[in-house]
Protein chains: 2
Amino acid sequence: MQNAKTKTILIGDDDFQYVSWLRATLEKEGYSVIWAQNASEVMSKISTKPTAVIVDFMRGQSVGLDLCRELRTLPEFKHLPIIVLTRKCEDSDEATGLEVGADDYIHKSVSNRVLSARLRNVLKRSNALESDNVEEAACEITLGDLVINRQTHTVLLKGKEIFLPRKEFELLWLLVANKGKVFSREMLLRRIWGESVYVTDRTVDVHICKIRQRLGDFGQENLETIKGVGYRIKA
Amino acid sequence: MQNAKTKTILIGDDDFQYVSWLRATLEKEGYSVIWAQNASEVMSKISTKPTAVIVDFMRGQSVGLDLCRELRTLPEFKHLPIIVLTRKCEDSDEATGLEVGADDYIHKSVSNRVLSARLRNVLKRSNALESDNVEEAACEITLGDLVINRQTHTVLLKGKEIFLPRKEFELLWLLVANKGKVFSREMLLRRIWGESVYVTDRTVDVHICKIRQRLGDFGQENLETIKGVGYRIKA
DNA sequence: CGAGATGTTAAAAGAGTGTTAAATACCGTT
DNA sequence: AACGGTATTTAACACTCTTTTAACATCTCG
């Protein structure tokens, strides 16, 4: 449920006081923050490939807008989430804003909670746009006496419910959903733990062990170890 | 899953220039568009049963808000997706908009890409609400000794009436109506609090706690926590 | 046999949750 | 508009369960 990779937010704003507040807010939420004091700095720091950009209108001058427009012309940043901060409601700004294509407009006075929630929303949306979401295809898989349901988070073995904690559940689901396919520990870690999570691959072994115990004979028989390679569900 | 019928969007806005842009955007996305120039026109054209309504605040007067409020009082439009456009950046407006039952609140300067993404979001959500479960269909659900009635807003436990405040009631209703299904806190927040309401997810926990207390043993036994995942009613 | 790999267990570390109380927002009355 | 009561939200702390680490046992195969 938590983001695997640390998300980086590039802030383009020359209001030092606000930036320090914003930085604190974002970092508390687990984002990493890069600060650019002016438009050209933004353009140079954009190469770090931030997850999103938050720009201010820069003291009423439409530097932020130009920036926004410029970014949108570059193919690689065409879908980069951009949030424009505002402190005024000047119509001229609005009119221009229309054509530049920001993802959200946030008033500078909003609370940190609202800000981070809206940022989250924007990120979620842009994420959905990119992968236009397959969502969860099936929510239930069956393998012999075993029925795993994602929606209800239940595992039924011969009709009896067995509780699995989250990681074990995900592990089992992944393996069963790909019956026969061998997953290396690394692969499992990447798929379930996420890209930049640092855990020993022995952790996987422990979980596999627990799963086997919980599933009893069924586990012993079907959850197979391929030595030197990984684990799989027997085909 | 999707019905083949073209989705119709009713636009209520008197800003001709903007409307023509909006219409172009939406039609390019495959929606069919109906335009109403003022509030009463909206009310008359609403009978065409559009898939969603997009209204502007109409030059600062809160016509849009009144409209929104009015629509919400009519049972048949209780769940009609409403998006409120604005060019103002006052938080009070946003607060009011949401309070009055808008599904999303979008700044007018936002790009067409963003606009259609958010529209899609709103539609998806309202769709899920309608098809996903019984919810609106039945106004009374029973679960063992528990009877929940939406119309009368009452909860009977072993025949004894128990009062639940609104949020707790909605929460319980949603969970019971989808017995067995696990809802993450995010999901609950989106479904009950709405798309653009920003509260800590711990709020959900507090409500769950209260519900459990009120329902006594029944609550303890049936309202289950799946750690790291969410809540559900035991199947 | 012995080295590397895996199974297993228990304890440490960590994350997630229950619960209470206090703060805030809301609502109907006066 | 001020008031009082209720509902909702936040914040804090304790506690539980999960996850991870580490250590040791066991296995496999050249």
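Throughout, a chain's letter reflects where its sequence line sits, starting with A, and its residues are numbered from 1.
With C:dT8, C:dT6, D:dT19 as the choices, the nucleotide that has an atom nearest any side-chain atom of A:Val206 turns out to be C:dT8. Of the listed nucleotides (C:dT9, D:dT28, C:dT17), D:dT28 has the atom at the smallest distance from the side chain of A:Lys227. The side chain of A:Trp193 has D:dT19 as its nearest neighbour among D:dT19, C:dT6, C:dT8. Checking C:dG18, D:dT9, D:dT19 against the side-chain heavy atoms of A:Arg166 singles out D:dT19 as nearest. In the set D:dT9, C:dG16, D:dT20, D:dT20 carries the atom at the smallest distance from any side-chain atom of A:Thr203. Looking at the side chain of B:Gln213, the nearest of the listed nucleotides C:dT6, C:dT19, C:dT17 is C:dT19.
Across the protein-nucleic acid pair, A:His153 atom NE2 and D:dT18 atom C1' stand 11 Å apart, rounded to whole Å. As rounded to whole Å, 14 Å separates atom C1' of D:dT16 from atom CD of B:Gln220. Between A:Asp205 atom CG and D:dT19 atom C1' the separation is 14 Å, expressed in whole Å. One can place CG of B:Leu189 at 11 Å from C1' of D:dT9, the figure rounded to the nearest angstrom. Remark: P of C:dT9 and CZ of A:Arg212 are 13 Å apart, rounded to the nearest angstrom. What separates CG of A:Asp201 from P of D:dT19 is a distance of 18 Å, to the nearest Å. Rounded to an integer number of Å, the gap from NE2 of B:His207 to C1' of C:dA25 is 12 Å. Regarding B:Glu170, its CD atom lies at a distance of 12 Å from the P atom of D:dT9, rounded to whole Å.
When all heavy atoms of B:Arg118 and A:Asp104 are compared, the pair lying nearest together is NH1-OD1, 3.6 Å. For the residue pair A:Val55 and A:Val53, the shortest heavy atom distance occurs at CG1-CG1, 3.7 Å. Considering all non-hydrogen atoms of both residues, A:Arg214 and A:Ile162 come closest at O-CD1, 3.8 Å.
Of the side-chain N and O atoms in B:Thr225, none sit less than 4.0 angstrom from OP1 or OP2 of C:dT17.
Rounded to 10 degrees, the angle separating the terminal axes of the helix from C:dC1-D:dG30 to C:dT30-D:dA1 is 40°, with each axis obtained from five end pairs.
Residues A:Leu123 and A:Pro81 form a side-chain contact, since some pair of their non-hydrogen atoms from C-beta on lies under 4.5 Å apart. Contact annotation: the side chain of B:Leu172 approaches that of B:Leu215 to within less than 4.5 Å [non-hydrogen atoms, C-beta and beyond].
Note that A:Arg23 lies outside the cation-pi zone of A:Trp35, set by a 6.0 Å cut-off to the ring centre and a 45° limit from the axis.
The residue B:Phe169 sits apart from the nucleic acid: no heavy atom pair falls under 4.0 Å. At the heavy-atom level, A:Leu164 lies nowhere under 4.0 Å from the strands shown. The residue A:Tyr198 sits close only to the backbone: its heavy atoms come under 4.0 Å of sugar-phosphate atoms, none of a base.
More than 12 heavy-atom neighbours from other residues, nucleotides or ligands sit within 6.0 angstrom of NZ on B:Lys167.
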**OP:** Go through B:Glu168 and B:Arg212 one step at a time and tell me if the salt bridge (Lys or Arg N to Asp or Glu O under 4.0 Å) criterion holds.
**Re:** CA-CA 10 Å; B:Glu168 291 171 36; B:Arg212 283 192 181 126; over 6 Å; no

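Sequence order on DNA chain D of the closest nucleotides to A:Arg202 and B:Lys210 puts B:Lys210 first from the 5' end.
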